[in-house]
Protein chains: 2
Amino acid sequence: MHDKICESVDHQKRVQQALLSMPCEDDINLMGYRFKALSEPSRLKILFALEGGELCVEHITEAVGGNQSAVSHQLKTLKDNRIIKSRRSGKNILYSISDNHVLIMLKMAKEHLNCNE
Amino acid sequence: MHDKICESVDHQKRVQQALLSMPCEDDINLMGYRFKALSEPSRLKILFALEGGELCVEHITEAVGGNQSAVSHQLKTLKDNRIIKSRRSGKNILYSISDNHVLIMLKMAKEHLNCNE
DNA sequence: TTATCATATGAATAACCGTTCATATAAAAG
DNA sequence: CTTTTATATGAACGGTTATTCATATGATAA
C-alpha cells in the first residue's frame, strides 16, 4: 500500500469528482474576466455608487472622484462584462447595475469583510 | 436653469446618497484584493475543485494541472484573502473553501454566465 | 447646418502580477 | 539523527492593465 499520498478519506475519488464537475475552460475564463472587472477599487466604487440606482457619467465621476475619461473606460469594462447596463435619457447615458447576481456578490463581499470564520 | 446636467429625477441627491453609503477606502481596497484573488482562472479552477470538499496540495495540483510551486503560490493568495482555509492531516495540508460567502459568490458567478438580462 | 454638451476611444507609459526555477522548511519515517 | 516526503518561499522575467492626454463621436439645441 504505497500509492496513497493522502491518508484521509478517498481524496483520489474527489479528484475525479473535481475533474468531472469542473466548468469548461471558456466559462472559467469568462468568470475570471468578470471577477477581474470587480477587482479594481475604482470600479468597485462605481458599483457602490450605483447600488442606490442609476446615474449619469458625470454624476458617477463626481461620486467616485477621478476624471471623466478614466470613468468612461471603467464603465466600458464593467459593461463589457455585463456587470452594469446603460440606457440613454436625453443627452445623458444612465448606468445601472445589471442584475441581482451582481448585487448579491457585492453584498457577500461586504459581509465577508467582517467574517471571522 | 442651467445647473442641471441630467434631466432625470434628483440625480444630484443620489450622488449625495452614493457618497454617504460608500464603504471606506480600506474596505474597498480589501474587497478589491479579494475579487482579484478570484479573478485568475488558475485560482478559480482550484476553488471549483474544492467545491466538492477538502483536498491536499498534490491532489489539487492533479485536478487543475500545472506544477506544485504555482499551485502553492495560488493557495497562498487565496488563503491570505480568506477565500480558503487549511488544516494539517498527517503529512498533508488539506485545503477547503473558507465559508458560505465564497460558495455563494461562485454560484452567482456561474449563474451569471447564462443570464441574458 | 453649426455649435455645444455628454460620453467614448486610441495610444502610450508605468505599475502590477502570475509563472517558473531553484531552494527552503518542516513533519514523519527509518 | 538522517532521510524522505509534502508543501512553501524568493527572485526574476514576461505579459497584462489602469490611467492620462488628446481627440473623436454623436445627440441635442440654436
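By convention in this document, chain letters (A, B, ...) are assigned in the order of the sequence lines, proteins followed by strands, and residues within each chain are numbered from 1.
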- Query: How close do B:Ala37 and B:Ile83 get, heavy atom to heavy atom, and via which atoms?
  - Reply: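 Scanning both residues completely, I find the closest heavy atoms to be CB-CD1, 3.6 Å.
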
- Query: Of all heavy-atom pairs between A:Phe35 and B:Met105, which one has the smallest distance, and what is that distance?
  - Reply: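 Where A:Phe35 meets B:Met105 most closely, the heavy atoms are CZ-O, 4.1 Å.
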
Rounded to the nearest Å, what distance is computed from the [atom1] atom of residue [X] to the [atom2] atom of nucleotide [N]?
X       : N      : atom1 : atom2 : value
A:Leu75 : C:dT9  : CG    : P     : 11 Å
B:Lys76 : D:dT7  : NZ    : C1'   : 13 Å
B:Asn92 : C:dA29 : CG    : P     : 11 Å
B:Phe35 : C:dC16 : CZ    : P     : 21 Å
A:Asn29 : D:dT16 : CG    : P     : 13 Å
B:Lys91 : D:dA6  : NZ    : C1'   : 8 Å
A:Leu78 : C:dA8  : CG    : P     : 12 Å
B:Glu62 : D:dT7  : CD    : C1'   : 15 Å

- Is the backbone N or O of A:Cys115 less than 3.5 Å from a side-chain atom of B:Arg82, with the two atoms forming a donor-acceptor pair by type?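 Flag set: sc B:Arg82 to bb A:Cys115 pair under 3.5 Å.
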
- Item | Check: B:Arg88 side chain, B:Gly90 main-chain N or O, donor-acceptor pair, under 3.5 Å |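 A pair under 3.5 Å: yes.
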
- Message: I want to check one thing: is the phosphate of D:dA8, taken as OP1 and OP2, less than 4.0 Å away from some side-chain N or O of B:Tyr95?
- Response: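 Result: yes.
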
- Query: What parts of residues 44-51 of chain A reach DNA chain C, counting only heavy atoms under 4.0 Å away?
  - Reply: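 Within this stretch, nothing sits under 4.0 Å of the strand.
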
- How would you list, by chain and number, every residue that makes a side-chain hydrogen bond (donor to acceptor under 3.5 Å, both in side chains) with B:Ser42, sequence neighbours excluded?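 Partners of B:Ser42 under the side-chain hydrogen bond (donor to acceptor under 3.5 Å, both in side chains) test: B:Gln74.
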
Nucleotides 13-15 of chain D: which of its N/O atoms have a protein N/O under 3.5 Å away?
none

- Query: Angle, rounded to 10°, between the helical axes spanning five pairs at each terminus of the helix from C:dT1-D:dA30 to C:dG30-D:dC1?
  - Reply: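 Taking the rotation axis at each end, their angle is 30°.
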
Show every donor-acceptor pair shorter than 3.5 Å between a side-chain atom in residues 65-73 of chain A and any protein atom, with sequence neighbours excluded, or say none if there are none.
from    : atom 1 : to      : atom 2 : distance (Å)
A:Asn67 : OD1    : A:Ser69 : N      : 3.1
A:Asn67 : OD1    : A:Ala70 : N      : 2.8

- Task: Could you go through the salt bridge (Lys or Arg N to Asp or Glu O under 4.0 Å) check for B:Glu54 and B:Lys85 one step at a time?
- Result: CA-CA 9 Å; B:Glu54 61 183 6; B:Lys85 59 190 175 186; over 6 Å; no

- Query: How would nucleotides 17-23 of chain D be written as a contact map, 5' to 3', with B for base contact, S for sugar-phosphate-only contact and - for no contact, using protein heavy atoms under 4.0 Å?
  - Reply: SSSBBB-

- So how far is it from A:Ile28 CD1 to B:Glu40 CD, rounded to the nearest 0.5 Å?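 A:Ile28 CD1 to B:Glu40 CD: 11.5 Å, rounded to 0.5 Å.
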
- Output all residues satisfying salt bridge (charged side-chain N to carboxylate O under 4.0 Å, His left out) with A:Asp80, sequence neighbours left out; order by chain, then residue number.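 Salt bridge (charged side-chain N to carboxylate O under 4.0 Å, His left out) list for A:Asp80, sorted by chain: A:Lys76.
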
- Item | Qualifying salt bridge (charged side-chain N to carboxylate O under 4.0 Å, His left out) pairs with a residue from residues 19-30 of chain A, counting only residues at least two apart or across chains |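 Residue pairs passing salt bridge (charged side-chain N to carboxylate O under 4.0 Å, His left out), neighbours aside: A:Glu25-B:Lys45.
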
- Partner residues of A:Lys79 under the side-chain contact (heavy atoms from CB on, under 4.5 Å) criterion, sequence neighbours left out: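 Applying side-chain contact (heavy atoms from CB on, under 4.5 Å) to A:Lys79 gives A:Ile84, A:Ser86, A:Tyr95.
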
- Message: List the residues meeting side-chain contact (heavy atoms from CB on, under 4.5 Å) with B:Glu111, not counting sequence neighbours, and say none if there are none.
- Response: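 Here the qualifying residues are A:His101, B:Lys107, B:Met108.
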
- Can you list every pair that meets side chain to side chain donor-acceptor pair (under 3.5 Å) and has a residue in residues 29-38 of chain A, with sequence neighbours left out?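 Passing the test, one end in residues 29-38 of chain A: A:Arg34-B:His112.
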
- Task: May I ask you to decide whether A:Lys91 forms a salt bridge with A:Glu58, counting only side-chain N to carboxylate O separations under 4.0 Å?
- Result: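 No, this pair does not count.
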
